[in-house]
Amino acid sequence: MKYVSTRGEAPELNFQEVLLTGLARDGGLYLPQSWPLITDYEISTMAGKSYQEIAFRVMAPFVCPEIPEADFKELIDKAYSSFRHDAIAPLTQLDSNEWMLELYHGPTLAFKDVALQLLGHLFDYVLKKRGEKVTIVGATSGDTGSAAIDCVQGSERADIFMLHPKGRVSDVQRRQMTTVIEDNVHNIAIDGDFDDCQAMVKALFNDLEFRDKINLSAVNSINWARVMAQVVYYFTSAVALGAPERRVSYSVPTGNFGDVYAGYIAKEMGLPIEKLIVATNINDILTRTLTGGEYKVGVTIATISPSMDIQVSSNFERLLYNIYDGSAADVRNLMESLKQQGEFTIGDGQLERAKSTFKALRVSEDETKETIKDVYNSTGHAIDPHTAVGINAARKNWNDKSIPMISLSTAHPAKFPEAVKEMTGQHPALPAHMADLFEREEKFDILPNDLDALKKYILDNL
Ligand SMILES: *Cc1c(COP(=O)(O)O)cnc(C)c1O
């Protein structure tokens, strides 16, 4: 498979190059040249297969034979052996025809492990083969950081520098990152919000000289391989509920548009998905964009679902490329307008195309809390605030009850215990492997929101 940049001015790359590159050299994001199709017959043969088997079938067209099939199968098996549930992503029923897809059984308790555990093994495999080392720099609103650190800690081939907004991630989230004390792990608290952190990482990538000097790489959701790994659980869950004969809908709590975009890819590959609900908290840039067509950056507000406190949604650029029929010139114009004026407007026809698949909703803080309470009272399940945003949006927008509704449960409730305790009266316990998290020592540095200070820090610490 060949990969192209959404902005059309970077070289075409193969899978392994895209994996290591992250952001394209023209500032765009990489996408496969075309979507591989999976027929209804093939989807029907997935019934009863394991997560790992379906993962291989769904991802192989993007990866093999560039990576030999047998090797790729082995990497998949290794990646998911770290999960605490044999089904990897089990479905839990909430009500008649209403389901929750539990994506938080990986080592750091959020759905990001599903992609990042695989990414860690892919990185090691490819770097070893090429005899190379990389410097991974990332920004996190909370969960990417711990998942990325977990997947490369102790690696001889990668150093990782992880930026988080100081004081804006939960204690559990921060400690999951800062208590990893391996020499190749560097945690940095930035005096700013998540968008500031993300902007600095993007700026490092756009400084081509610095980028080459440290062999910079990314594991943020701009990395194609992460989006790819997330396509898998749309297939496993739809098949479990009767696809291809039965259509399904999903509700996805959304920040950077990576997870829900993976659902769009599943649909393009042939999975019968009715609707993808884009559930945002009060940081609602995506709801505003997908309703009125205007992508306009606002001020980020801290919420009880901090992993979605985002106003610049990086992966949205990939959807733009698709709804503009692969016209990189149009994407460049929109991105230039974003840079110059802080906004752009999607064309009417393109917006209609997006709306035929996506329905976006904004969920308030009160609604999020009420949903935690409702689900607990009616099922006994404690859910985290991100999951609650998704379930609230799903219930508000579920028009045809004969179509199963699957809400993605993106984090374990113990990751965000305050809101869960407040609404259920129960303090959600951390799983055994993390029970001593609050006794472990922390290691991190604080830096101003300043690019030169960050560059110096990276060079000093490599
Ligand atoms: C990252 C994250 C999200 C948002 O996912 P995107 O791919 O950025 O849209 C939602 N919930 C949780 C718990 C997360 O960690």
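Here the structure is a predicted model, which is why all the values come from computation and not from measurement.
- By the salt bridge (Lys or Arg N to Asp or Glu O under 4.0 Å) test, Glu182 is found to be paired with no residue, residues two or more places apart in sequence or in another chain being considered.
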Would you give me the side-chain donor-acceptor pairs under 3.5 Å for residues 56-66, sequence neighbours excluded?
| residue | atom | partner | partner atom | Å |
| --- | --- | --- | --- | --- |
| Arg57 | NE | Glu42 | OE2 | 2.9 |
| Arg57 | NH2 | Glu42 | OE1 | 3.3 |
| Arg57 | NH2 | Glu42 | OE2 | 2.6 |
| Glu66 | OE1 | Phe15 | N | 2.8 |
| Glu66 | OE2 | Phe15 | N | 3.4 |
| Glu66 | OE2 | Gln16 | N | 2.9 |
| Glu66 | OE2 | Gln16 | NE2 | 2.9 |

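- In this structure, the side chain of Thr6 engages the main chain of Leu29 through a donor-acceptor pair within 3.5 Å.
- Exactly one of Asp143, Thr108, Thr178 qualifies for a side-chain hydrogen bond (donor to acceptor under 3.5 Å, both in side chains) with Gln173. That residue is Asp143.
- Side-chain polar atoms of Ser327 and Asp325 form no donor-acceptor pair below 3.5 angstrom.
- Ser155 and Asp124 share a side-chain donor-acceptor pair at under 3.5 Å.
- Screening residues 75-86 for side chain to side chain donor-acceptor pair (under 3.5 Å), with sequence neighbours left out, gives Ser82-Gln117.
- At distances below 3.5 Å, at least one donor-acceptor pair connects side-chain atoms of Thr379 with backbone N or O atoms of Val375.
- Judged as a ring pair (Phe, Tyr, Trp, His ring centres under 6.0 Å), the pairs with a partner in residues 236-268 (not counting sequence neighbours) are, in order, Tyr234-Tyr250, Phe257-Phe316, Phe257-Phe358, Tyr261-Tyr264, Tyr264-Phe358.
- Thr280 places no side-chain N or O within donor-acceptor distance of the main-chain N or O of Leu286, the cut-off being under 3.5 Å.
- Atom NZ of Lys267 has more than 12 neighbouring heavy atoms from other residues, nucleotides or ligands inside a 6.0 Å radius.
- Residue pairs meeting the ring pair (Phe, Tyr, Trp, His ring centres under 6.0 Å) criterion with at least one member in residues 111-164, sequence neighbours excluded: Phe161-His186.
- Residues forming a salt bridge (Lys or Arg N to Asp or Glu O under 4.0 Å) with Lys275 (at least two apart in sequence, or on another chain): none.
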